[in-house]
Visitor: 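Quick one: the structure is below, and I'll ask about it shortly.
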Amino acid sequence: MMLDIAKATVLVAGMGVSGRSACEVLAGRAERVISVDEGTSEADLHSFDDVDWSGIDLVMSSPVFNPRTPFILEAQRRNIPVVSEVELAWMLRVKSRSSNRPAPWIGITGTNGKTSTTEMTSAMLCDAGEVAPAVGNIGKAVSHAAVDSQNQALCVELSSFQLHFTQSMRLECAAITNLADDHLDWHGGFANYAADKAKVYRDVEKALVYNADDPRVTELAREAKASPACRKVGFTLKEPQPGQLGIVESRIVDHSGLTEGSDAQAVSLCSIQELRHLCEPDGTVYPHLLADALCALALALGHGVPVRQALEGLKSFKPGGHRIQTVARYLPADDASASDIGADAEAQHDDAADTRREIRFVDDSKATNAHAAGASLSSFPDASVVWIAGGLAKGGHFDELVSTYARKMTAAVIIGVDQRPLLDAFASEAPQVPLSVIAAEPRDTVMQRAVEAAADTAHPGDVVLMAPACASMDQFVSYADRGEQFARQAKAWIEGQQTVRHA
């Protein structure tokens, strides 16, 4: 985009995280910055009707505004460029002190797994000695990171909302983790959604990484016009074909040439069991986290991290909060000390024998759509899960999810204001699963009532899994708030059981 920011007046629409970050970064870099937000007093303007479009050179729009929002259409009618914070960051990026050129970006998008993959990629680069933070939707805003000359690389989580208004970004390495129906109301259909995701593959320099087990992602990778020197690498949970990274007899195997320079030979890298934070205590692998790990490994190797250091970084990595995280354990026994209500219950208990006698509480609040919830449910044995689900359905349908994973459940607890889609799915696909329906009000006790209903239903060996398949904003501040409330109420329920036991 041929625009001199130093001489431009930039309208920042929306004062959320990206908007505030953009205003801070643009201060002193743009000639003038005008913020507009109808619900925030700190904004310069509080109505888009007050915008003097004749003086605006560039609009930076928050992801909350879809492409059909009137002010966006008005800007486009006037031929005023509309960009995301990501595009703005790309325009403003500075040279890294270590290389005297802008830090390369490694971009990750997809319906699910973006955060874990981005964090794993960053962990491997950092373990190799680079300053390579995870930024974007996680950590520091990408616009702040782009103007920090200490950074040697950026691992950027990219949402479809951001990508829609991003045009000039060119990534060193890029990945799409998977694709499923999500945010279709914002994009106006799946084709538009997929097209925005595919922007990460445009002119990729070194490594174009794709999910070889996802036909739609594979097709996008096949069609992508990458740089001539770019290597296309598929990752799979099956035995890898040439050009892929995959699994053979519980070992990660590179058949892509990333470790040997040629895909003619398959190279065994490590055992899955060495990635202890991607497994259940009994060694059962979380398949979606393993897929994320393979994707991240391909990105790190494509960037140039030596294989030994990449594997060490991956082995030491621990998933962030609210991603299939054990937050509490209860062992129904005479010894009250056997119950763990500590903040890091998973790290303190690795005895697989205990898992057959205890009730575990697992927070996967980041599972905000059916695809993510299905991946979470698939991680556990049949007839072992009391599932807490529900929230803001976003127009989603759950028949296939419930039909496919009903065998995993001993019961389900339905929360949220938008309960009908899930209730209809259980009625038609799994009427045999006992349901507890949590009234929407009073809102401040929703999670307490949900946890109590789930825990009272659970038996030794069961997992109380909160993987809601829905967004959180109907009853909680965010998915993080939902997860924190779940953990807090799980620990409170355990404390109550111990009090009764010792009464």
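Both backbone and side-chain heavy atoms feed into the values below; hydrogens, waters and symmetry mates do not. Since we're looking at a predicted model, the values are computed, not measured.
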Visitor: First locate atom CE of M120, then atom CG of L314, and finally report the distance between them rounded to the nearest 0.5 Å.
Guide: 6.5 Å
Visitor: Check this for me, if you would: do E74 and R78 make a salt bridge, where the nitrogen-to-carboxylate-oxygen distance has to be below 4.0 angstrom?
Guide: yes
Visitor: What I want to find out is whether R323 reaches D364 closely enough, with some N-O distance under 4.0 Å, to be called a salt bridge.
Guide: yes
Visitor: Looking at every non-hydrogen atom in both residues, tell me the closest pair between A370 and L401 and how far apart they are.
Guide: O-CD1, 3.6 Å
Visitor: Minimum heavy-atom separation for I34 and D44, please, with both atom names.
Guide: CA-OD2, 3.5 Å
Visitor: Could you grab the distance from atom CG of D50 to atom CD of E38, nearest 0.5 Å is fine?
Guide: 9.5 Å
Visitor: Do T166 and K199 pair up side chain to side chain, a donor and an acceptor below 3.5 Å, judged on atom types alone?
Guide: no
Visitor: For R308, does the CZ atom sit with more than 12 other heavy atoms under 6.0 Å from it, leaving out its own atoms?
Guide: no
Visitor: Report the C-alpha distance between Q244 and S256 in whole Å, list the side-chain angles of each, state the deciding distance to 0.1 Å, and finish with yes or no for side chain to side chain contact (heavy atoms under 4.5 Å, CB included).
Guide: CA-CA 5 Å; Q244 297 179 352; S256 71; 5.8 Å; no
Visitor: With a cut-off of 6.0 Å (strictly less than), are more than 12 heavy atoms of other residues, nucleotides or ligands near CD of E249?
Guide: no
Visitor: Only counting residues at least two apart or in another chain, list the ones meeting side-chain hydrogen bond (donor to acceptor under 3.5 Å, both in side chains) with R101.
Guide: none
Visitor: Could you give all pairs that pass the ring pair (Phe, Tyr, Trp, His ring centres under 6.0 Å) test and reach residues 5-58, with sequence neighbours left out?
Guide: F48-F65, F48-F71
Visitor: My understanding is that only residues two or more places apart in sequence, or in another chain, count here; which of them pass side-chain hydrogen bond (donor to acceptor under 3.5 Å, both in side chains) with E274?
Guide: K315
Visitor: Assess whether a salt bridge exists between R222 and E219, defined as any Lys/Arg side-chain N lying under 4.0 Å from an Asp/Glu carboxylate O.
Guide: yes
Visitor: How long is the span from the CG atom in L26 to the CZ atom in R32, to the nearest 0.5 Å?
Guide: 13.5 Å
Visitor: Starting at CG of L301, measure out to OG1 of T121 and round the result to the nearest 0.5 Å.
Guide: 10.0 Å
Visitor: Under the side-chain hydrogen bond (donor to acceptor under 3.5 Å, both in side chains) test, which residues partner D4, sequence neighbours left out?
Guide: none
Visitor: Will you find, in the side chains of D203 and S227, an N or O donor that is under 3.5 Å from an N or O acceptor?
Guide: no
Visitor: Go through the side-chain N and O atoms of Q152 and S99 and say whether any donor and acceptor fall under 3.5 Å apart.
Guide: no
Visitor: With sequence neighbours left out, write down each residue that passes side-chain hydrogen bond (donor to acceptor under 3.5 Å, both in side chains) with R29, or none if nothing qualifies.
Guide: none
Visitor: Does anything in residues 98-121 pair up under ring pair (Phe, Tyr, Trp, His ring centres under 6.0 Å), and if so which pairs, sequence neighbours excluded?
Guide: W90-W105
Visitor: Please report the interatomic distance OG(S21) to NE2(H144), rounded to the nearest 0.5 Å.
Guide: 3.5 Å
Visitor: Supply the atom-to-atom distance K206 NZ to L171 CG, rounded to the nearest 0.5 angstrom.
Guide: 13.0 Å
